[in-house]
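Numbering of ligands and ligand atoms starts at 1, following listing order.
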Amino acid sequence: MELFNLKGKTALITGGTHGLGMAMAVGLGNAGARLVITSTTPEKLKKSLEFYKKQGFNATGYIFDVTNENVVEEKVAIISKEVGDIHILVNNAGIIKRELAITMPVSDFRRVIDVDLVGPFIMAQAIGKQMIERKEGKIINICSMMSELGRNSVSAYAAAKGGLKMLTQNLATEWAKHNVQVNGIGPGYFATSQTAPIRVDGHPFNDFIINRTPAARWGNPEDLEGTAVFLASKASDFVNGQIIYVDGGILATIGKPYNED
Ligand code: GCO
């Protein structure tokens, strides 16, 4: 199990105060990593740090917006001074705006691209520098089913997550020679606050996802822990530019007619 041991490593998880980010942070913490959690919401950050400390994890938190490159540069320097090197970066923070493209305000489209694509680039560049210098690092970009597929009302999110998939492949191309592995996780449909509006029992989308997912269920955040530990550990030292889909099989199938078992 040495391959998956993260003792002595520090993992920074953006938006790690709830949902999938928290689940991955728990997985990394259980594997021995020290946690650095970022958020734009002080209340959420405070509550999450209390939770992590109750789990027995060494967790520190910082408030900043990943889309502001000057602030990110400042904060990464402070973190390096106060916490030390960052060995693992999980670009998890993201937003979604559900609106048909024809009526979506451009400002909404731009904001989603900024948070979900430009932010991960800014964070990877700021922390990638120390990883390249140290000749060691792990970057995990949280992509999505929407890195591969579109659906009504999520044009901005799909464009951002599709771009994040290609950013992952491009950073892997440039940084693999420095022993920095850049990969992605593509969650399928998970039971989180982000999907709550489309997941209520009896909601047509809820029934659609259950029918469309070979595993016939929504993902639970803890379903992501193992893949996060794998991509953060020595076990993935020769894995570069890969998006691992944790999706219950959705991407493996064209789906089945409503009456098929
Ligand atoms: C939606 C959902 C999806 C999922 C996830 C799928 O509105 O379709 O929110 O975007 O959250 O990203 O991978």
So that I can tick it off, tell me whether Lys165 and Glu148 are bridged by a salt bridge, with the cut-off set at under 4.0 angstrom between side-chain N and carboxylate O. yes
Asn170 and Glu174 side chains, donor-acceptor separation under 3.5 Å: yes
Residues that Gln169 engages under side-chain hydrogen bond (donor to acceptor under 3.5 Å, both in side chains), provided they are two or more places apart: none
For ligand 1, find each of its N or O atoms that sits under 3.5 Å from a protein N or O atom, and tabulate the pairs with distances to one decimal place.
residue  : atom   : partner : partner atom : Å
ligand 1 : 7 (O)  : Arg98   : NE           : 2.6
ligand 1 : 7 (O)  : Arg98   : NH2          : 3.3
ligand 1 : 7 (O)  : Arg151  : NH2          : 2.8
ligand 1 : 8 (O)  : Arg151  : NE           : 2.5
ligand 1 : 8 (O)  : Arg151  : NH2          : 3.4
ligand 1 : 8 (O)  : Tyr189  : OH           : 2.8
ligand 1 : 9 (O)  : Arg98   : NH2          : 2.7
ligand 1 : 9 (O)  : Gln194  : OE1          : 2.9
ligand 1 : 11 (O) : Gln194  : OE1          : 2.4
ligand 1 : 12 (O) : Ser144  : OG           : 2.8
ligand 1 : 12 (O) : Tyr157  : OH           : 2.9
ligand 1 : 13 (O) : Ser144  : OG           : 2.9
ligand 1 : 13 (O) : Met145  : N            : 2.8
ligand 1 : 13 (O) : Pro187  : O            : 2.6
ligand 1 : 13 (O) : Gly188  : O            : 3.3

If you measure from the Lys or Arg side-chain nitrogens to the Asp or Glu carboxylate oxygens, is any gap between Lys47 and Glu43 under 4.0 Å? no
What pair of heavy atoms forms the shortest contact from Ala11 to Ile13, and how long is it? O-CD1, 3.6 Å
Carboxylate-amine/guanidinium proximity below 4.0 Å for Asp108 and Arg111: no
